[in-house]
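This report refers to the structure that appears directly beneath it.
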There are 2 protein chains.
Amino acid sequence: MEKKSKMEWHGRFRGRGLRFTIPRRLILETLSSTIDHLSAEEIYIRVHRKYPNVGLTTVYRTLDLLERMGIISRFQFGDGRSRFELVQSSTKAGHHHHLVCTSCKQVIDYDDFVEEEVELLKKVEKALAKKHGFEINGHVIQFYGVCNNCQKQP
Amino acid sequence: MEKKSKMEWHGRFRGRGLRFTIPRRLILETLSSTIDHLSAEEIYIRVHRKYPNVGLTTVYRTLDLLERMGIISRFQFGDGRSRFELVQSSTKAGHHHHLVCTSCKQVIDYDDFVEEEVELLKKVEKALAKKHGFEINGHVIQFYGVCNNCQKQP
DNA sequence: ATTCTATTGAAAATGGTTTTCATTATTAAT
DNA sequence: ATTAATAATGAAAACCATTTTCAATAGAAT
Ligand SMILES: [Mn+2]
Ligand SMILES: [Mn+2]
Ligand SMILES: [Zn+2]
Ligand SMILES: [Zn+2]
């Protein structure tokens with residue numbers, strides 16, 4: 001699962017006239033090997049541990065690029081920083097939504113009822129597209145609450 | 001609709017040992033008289049026009065307070081600043097969700113299918129509460145797309 | 001190995017928001 | 001109306017995630 005995805009990625013970059021550099025590979029490997037929703041700085045720290053001459057600026061730039069390429073998704077969970085996740089990963093389910101603890105900020109992926117959610121979303125999208133002339137290309141569904149652990153704490 | 005809500009608000013503040021000051025009243029009046037989702041700075045500009053010695057700091061502080069009091073809601077639509085809306089207003093519908101143009105950043109309230117949405121949300125909330133022990137107290141549903149007008153522009 | 005230029009890292013700049021602190025204004029009691 | 005207690009304010013500075021600048025570096029096709 002190393003060589004293969006590496007070449008796949010390489011191809012996607014080269015296809016757009018982009019270079020597949022060490023920082024880009026390391027950032028993709030970092031996102032590939034976690035189920036967490038990492039911030040730019042968290043990614044930077046992990047990459048930096050392996051390869052100390054990668055800068056935070058490059059992490060930001062690469063994340064923007066990967067988002068534009070459709071390889072990662074950006075989320076705002078309310079802690080003031082963007083968080084990122086591989087669009088398709090071997091370590092987590094496909095289309096899913098998020099459950100956020102407003103106290104400890106942990107984020108849980110869930111896919112209970114997603115099919116029903118997606119079905120309803122499609123219906124709403126169609127209605128909104130017609131009614132407002134919008135061309136819809138994305139949605140966000142998030143639940144906020146207090147996790148089991150944080151409910152105990154004062 | 002002036003004197004009445006003014007006294008209602010006054011009571012809500014005094015009930016918590018808080019004072020009902022001029023900046024607070026002006027900010028509430030500003031939010032009451034628009035259907036837009038204003039940013040702190042936009043609110044500041046409008047308040048400042050009427051009453052030039054109100055500071056931006058106070059606007060931020062007041063918005064935080066009003067959110068904690070449950071009088072306004074805060075949203076992040078992806079333009080890097082928080083936007084606010086009165087929870088219950090005479091100028092707009094009740095429970096609704098949002099449609100955001102990623103190009104011109106306009107936000108449209110919609111309530112088509114909200115009942116179905118809310119019904120499904122309840123079901124999901126219940127499942128998530130049981131499965132993860134979460135105490136859920138809010139949700140976000142947003143659609144992103146390109147508005148009719150922006151589709152024409154290059 | 002060479003050339004072309006996309007990419008990089010460091011430092012500075014940006015922009016929304018928060019903190020600090022001395023001053024002011026709201027309120028309840030007088 | 002005055003007063004006293006203290007919540008609230010405004011200005012300036014600090015904060016912090018992100019972006020911009022720019023000279024140096026390093027992919028990749030030849
Ligand atoms: Mn996720
Ligand atoms: Mn709204
Ligand atoms: Zn928690
Ligand atoms: Zn638009």
Side-chain angles (χ1 to χ4, degrees), chain A residues 6-7 9-28 30 37-69 71-72 74-84 105, chain B residues 6-7 9-28 30 37-69 71-72 74-84 105:
Chain A
K6 189 169 164 181
M7 288 318 289
W9 285 331
H10 192 283
R12 279 184 86 163
F13 280 85
R14 293 278 61 217
R16 296 188 176 215
L18 300 168
R19 296 174 183 175
F20 191 58
T21 62
I22 291 169
R24 289 175 180 177
R25 177 173 57 75
L26 291 171
I27 289 166
L28 277 168
T30 300
H37 305 77
L38 301 177
S39 67
E41 194 183 9
E42 288 168 348
I43 293 167
Y44 165 70
I45 289 168
R46 296 187 187 200
V47 167
H48 198 261
R49 274 205 293 264
K50 302 274 173 188
Y51 202 92
N53 47 340
V54 173
L56 179 55
T57 309
T58 297
V59 174
Y60 276 107
R61 275 189 296 232
T62 301
L63 291 170
D64 287 348
L65 175 63
L66 294 174
E67 187 190 16
R68 289 197 307 275
M69 293 174 77
I71 294 175
I72 65 174
R74 174 194 304 262
F75 297 97
Q76 297 279 164
F77 294 123
D79 68 341
R81 64 190 83 186
S82 290
R83 294 188 167 272
F84 302 87
K105 312 298 181 193
Chain B
K6 188 170 163 179
M7 288 318 290
W9 285 331
H10 192 283
R12 277 185 88 163
F13 279 86
R14 293 278 62 220
R16 295 190 177 214
L18 300 168
R19 296 171 183 178
F20 192 58
T21 61
I22 292 167
R24 289 175 180 179
R25 177 173 57 74
L26 291 171
I27 289 166
L28 279 168
T30 300
H37 305 78
L38 301 178
S39 67
E41 192 181 13
E42 288 168 349
I43 293 168
Y44 165 70
I45 289 168
R46 296 186 187 202
V47 168
H48 198 260
R49 273 204 294 264
K50 302 273 173 190
Y51 202 93
N53 48 341
V54 173
L56 179 55
T57 309
T58 296
V59 174
Y60 274 107
R61 274 190 295 233
T62 301
L63 291 170
D64 286 348
L65 175 64
L66 293 175
E67 187 190 17
R68 289 197 307 273
M69 293 174 76
I71 294 174
I72 65 175
R74 174 194 304 262
F75 297 97
Q76 297 280 163
F77 294 124
D79 68 341
R81 62 190 84 184
S82 290
R83 295 188 166 273
F84 302 87
K105 313 298 181 192

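First the proteins, then the strands, lettered A, B, ... as listed; each starts at 1.
- Backbone-only contact: B:Ser82 has heavy atoms under 4.0 Å from sugar-phosphate atoms and none from a base.
- One finds a side-chain N or O of A:Tyr60 lying less than 4.0 angstrom from the OP1 or OP2 phosphate oxygen of D:dT18.
- Distance check: B:Ile43 CD1 to B:Leu63 CG gives 4.5 Å after rounding to the nearest 0.5 Å.
- Within the nucleic acid shown, B:Thr21 comes within 4.0 Å of sugar-phosphate atoms alone, with no base atom in reach, counting heavy atoms only.
- In this structure, CZ of B:Phe84 is placed 10 Å from C1' of C:dT17, rounded to the nearest angstrom.
- Residue A:Tyr44 is the one, among B:Arg74 and A:Tyr44, whose nearest nucleotide of DNA chain C lies closer to the 5' end (criterion: closest heavy atom).
- Looking at A:Arg25, its side chain never comes within 3.5 Å of a backbone N or O of A:Lys6 through a donor-acceptor pair.
- In this structure, CZ on B:Phe13 lies 4.5 Å from CE on B:Met69, to the nearest 0.5 angstrom.
- Comparing C:dG16, D:dA12, D:dA28 by their closest approach to the side chain of B:Arg81 singles out C:dG16.
- In terms of position on DNA chain D, the residue among B:Gly55 and B:Gly17 whose nearest nucleotide sits closer to the 5' end is B:Gly17.
- For the pair B:Ser39 and A:Pro23, nearest-nucleotide mapping onto DNA chain C gives the more 5' position to A:Pro23.
- The line from CZ of B:Arg74 to CG of B:Leu66 is 10.5 Å long, rounded to the nearest 0.5 Å.
- Closest to the side chain of B:Thr62, out of C:dT8, C:dG16, D:dT9, is D:dT9.
- To the nearest angstrom, P of C:dT17 lies 12 Å from CD of A:Gln76.
- For the pair A:Met7 CE and D:dA28 C1', the interatomic distance rounds to 12 Å; values are reported in whole Å.
- A:His48 comes within 4.0 angstrom of no nucleic acid atom, judged by non-hydrogen atoms across all strands.
- Taking atom CD of residue A:Glu41 and atom P of nucleotide D:dT18, one finds them 9 Å apart after rounding to whole Å.
- Between the CG atom of A:Leu65 and the C1' atom of D:dT18 there is a distance of 17 Å, rounded to whole Å.
- Not one side-chain nitrogen or oxygen of A:Arg16 sits closer than 4.0 Å to the OP1 or OP2 atom of C:dA6.
- The CG atom of A:Asp64 sits 18 Å away from the P atom of C:dA6 (whole-angstrom rounding).
- B:Asn53 places its CG atom 13 Å from the C1' atom of C:dT23, with the value rounded to the nearest Å.
- Looking at A:Arg61, its side chain comes within 3.5 Å of the base of C:dG9 through a donor and an acceptor atom.
- Across all strands, B:Asp79 comes closer than 4.0 Å to no nucleic acid atom at all (heavy-atom distances).
- Put simply, CZ on A:Phe20 is 12 Å from P on C:dT7, counting in whole angstrom units.
- Checked options B:Thr62, B:Leu56, B:Ile27; the residue passing with B:Val47 is B:Ile27 (criterion: side chain to side chain contact (heavy atoms under 4.5 Å, CB included)).
- Listed nucleotides: D:dG27, C:dT7, D:dT9. Nearest to the side chain of A:Ile22: D:dG27.
- Contact of the A:Lys50 side chain with the A:Thr30 side chain is not registered, since no non-hydrogen atoms from C-beta on lie closer than 4.5 Å.
- The side chain of B:Arg24 lies closest to D:dA8, out of D:dA8, C:dA28, C:dT17.
- Contact annotation: side chain of A:Arg19 to base of C:dA6, donor-acceptor pair present below 3.5 Å.
- Residue A:His10 places at least one side-chain N or O closer than 4.0 Å to OP1 or OP2 of D:dA28.
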